[in-house]
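Presented below is the structure to which this report refers.
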Amino acid sequence: AAAQAASDAARKAAEAELEAERTGRRRAEEALRQTHLAAGVHEAQEMSQLRLDLAALQEEADFLRAREEALQRDEARLQMVGEMSKRLGSNVSRFEVDQLR
(Lines give C-alpha, C1' and ligand atoms only; values in the text may rest on other atoms or scores of the structure.)
Protein backbone atom coordinates (compact mmCIF):
# COMPACT_ATOMS: atom_id res chain seq x y z
CA ALA A 1 0.00 0.00 0.00
CA ALA A 2 2.89 2.30 0.81
CA ALA A 3 4.52 1.49 -2.51
CA GLN A 4 1.25 2.15 -4.28
CA ALA A 5 0.87 5.51 -2.49
CA ALA A 6 4.44 6.46 -3.43
CA SER A 7 3.83 5.44 -7.03
CA ASP A 8 0.60 7.47 -7.14
CA ALA A 9 2.38 10.49 -5.63
CA ALA A 10 5.21 10.19 -8.17
CA ARG A 11 2.70 9.86 -11.01
CA LYS A 12 0.75 12.92 -9.83
CA ALA A 13 3.99 14.90 -9.50
CA ALA A 14 5.00 13.86 -13.05
CA GLU A 15 1.54 14.80 -14.39
CA ALA A 16 1.72 18.19 -12.64
CA GLU A 17 5.20 18.78 -14.08
CA LEU A 18 3.96 17.77 -17.56
CA GLU A 19 0.99 20.14 -17.27
CA ALA A 20 3.30 22.98 -16.16
CA GLU A 21 5.51 22.27 -19.22
CA ARG A 22 2.47 22.31 -21.52
CA THR A 23 1.27 25.60 -20.01
CA GLY A 24 4.72 27.13 -20.46
CA ARG A 25 4.86 25.94 -24.07
CA ARG A 26 1.39 27.38 -24.81
CA ARG A 27 2.43 30.74 -23.32
CA ALA A 28 5.67 30.74 -25.33
CA GLU A 29 3.80 29.89 -28.56
CA GLU A 30 1.28 32.67 -27.91
CA ALA A 31 4.07 35.17 -27.18
CA LEU A 32 5.80 34.16 -30.42
CA ARG A 33 2.53 34.49 -32.35
CA GLN A 34 1.98 37.98 -30.91
CA THR A 35 5.56 38.99 -31.76
CA HIS A 36 5.14 37.79 -35.35
CA LEU A 37 1.81 39.58 -35.62
CA ALA A 38 3.27 42.85 -34.29
CA ALA A 39 6.26 42.54 -36.63
CA GLY A 40 3.95 41.91 -39.58
CA VAL A 41 1.79 44.93 -38.76
CA HIS A 42 4.89 47.11 -38.37
CA GLU A 43 6.29 45.87 -41.69
CA ALA A 44 2.98 46.54 -43.46
CA GLN A 45 2.87 50.08 -42.05
CA GLU A 46 6.48 50.66 -43.10
CA MET A 47 5.77 49.40 -46.64
CA SER A 48 2.73 51.69 -46.91
CA GLN A 49 4.83 54.67 -45.85
CA LEU A 50 7.57 53.72 -48.33
CA ARG A 51 4.98 53.47 -51.13
CA LEU A 52 3.66 56.94 -50.25
CA ASP A 53 7.21 58.34 -50.18
CA LEU A 54 8.01 56.73 -53.53
CA ALA A 55 4.85 58.13 -55.14
CA ALA A 56 5.66 61.62 -53.83
CA LEU A 57 9.23 61.41 -55.12
CA GLN A 58 8.08 60.18 -58.53
CA GLU A 59 5.60 63.05 -58.72
CA GLU A 60 8.33 65.53 -57.81
CA ALA A 61 10.72 64.03 -60.39
CA ASP A 62 8.02 64.27 -63.10
CA PHE A 63 7.37 67.90 -62.18
CA LEU A 64 11.09 68.74 -62.28
CA ARG A 65 11.52 66.98 -65.65
CA ALA A 66 8.61 68.92 -67.14
CA ARG A 67 9.99 72.16 -65.73
CA GLU A 68 13.46 71.44 -67.14
CA GLU A 69 11.97 70.68 -70.57
CA ALA A 70 10.01 73.95 -70.50
CA LEU A 71 13.16 75.88 -69.56
CA GLN A 72 15.09 74.23 -72.38
CA ARG A 73 12.34 75.14 -74.88
CA ASP A 74 12.34 78.74 -73.65
CA GLU A 75 16.12 78.91 -73.85
CA ALA A 76 16.11 77.52 -77.42
CA ARG A 77 13.39 79.98 -78.45
CA LEU A 78 15.28 82.95 -76.98
CA GLN A 79 18.48 81.79 -78.65
CA MET A 80 16.67 81.62 -82.01
CA VAL A 81 15.22 85.09 -81.50
CA GLY A 82 18.68 86.40 -80.64
CA GLU A 83 20.22 84.85 -83.73
CA MET A 84 17.49 86.22 -85.99
CA SER A 85 17.86 89.61 -84.41
CA LYS A 86 21.61 89.57 -85.14
CA ARG A 87 21.08 88.45 -88.73
CA LEU A 88 18.41 90.92 -89.55
CA GLY A 89 19.74 93.78 -87.47
CA SER A 90 17.29 96.59 -87.17
CA ASN A 91 14.97 95.14 -89.84
CA VAL A 92 13.10 93.12 -87.15
CA SER A 93 10.56 95.15 -85.25
CA ARG A 94 9.99 94.74 -81.53
CA PHE A 95 6.52 93.40 -82.33
CA GLU A 96 8.00 90.63 -84.52
CA VAL A 97 10.55 89.72 -81.84
CA ASP A 98 7.72 89.50 -79.27
CA GLN A 99 5.75 87.31 -81.71
CA LEU A 100 8.70 84.94 -82.04
CA ARG A 101 8.95 84.64 -78.30
Practice item. For residues 26-39, pull every pair meeting salt bridge (Lys or Arg N to Asp or Glu O under 4.0 Å), keeping only residues two or more places apart or in separate chains. Key: E19-R26, R25-E29, E30-R33
Practice item. Check the pair S48, Q45 against side chain to side chain contact (heavy atoms under 4.5 Å, CB included), reporting the backbone distance first and the verdict last. Key: CA-CA 5 Å; S48 290; Q45 289 171 336; 5.7 Å; no
Under 3.5 Å, which donor-acceptor pairs do the side chains of residues 2-9 form with other protein atoms, sequence neighbours left out?
unit_1	atom_1	unit_2	atom_2	d
Q4	NE2	D8	OD1	3.3

Revision key, fill the gap. Those residues at least two apart in sequence (or on a different chain) that pass side chain to side chain donor-acceptor pair (under 3.5 Å) with R11 are E15
Practice item. Please identify each residue that fulfils side chain to side chain donor-acceptor pair (under 3.5 Å) with H36, with sequence neighbours left out. Key: none
Review point. Tracing side-chain links under 4.5 Å among I, L, V, M, F, W and Y, which residues wind up in one group with L50?
Key: M47
Under 3.5 Å, which donor-acceptor pairs do the side chains of residues 65-75 form with other protein atoms, sequence neighbours left out?
unit_1	atom_1	unit_2	atom_2	d
R65	NH1	D62	OD1	2.8
D74	OD1	R77	NH1	3.0

Review point. Can you name the residues that form a side chain to side chain donor-acceptor pair (under 3.5 Å) with E59, not counting sequence neighbours?
Key: none
Revision key, fill the gap. The remaining residues in the hydrophobic cluster of L64, counting side-chain heavy-atom contacts under 4.5 Å among Ile, Leu, Val, Met, Phe, Trp and Tyr, are F63
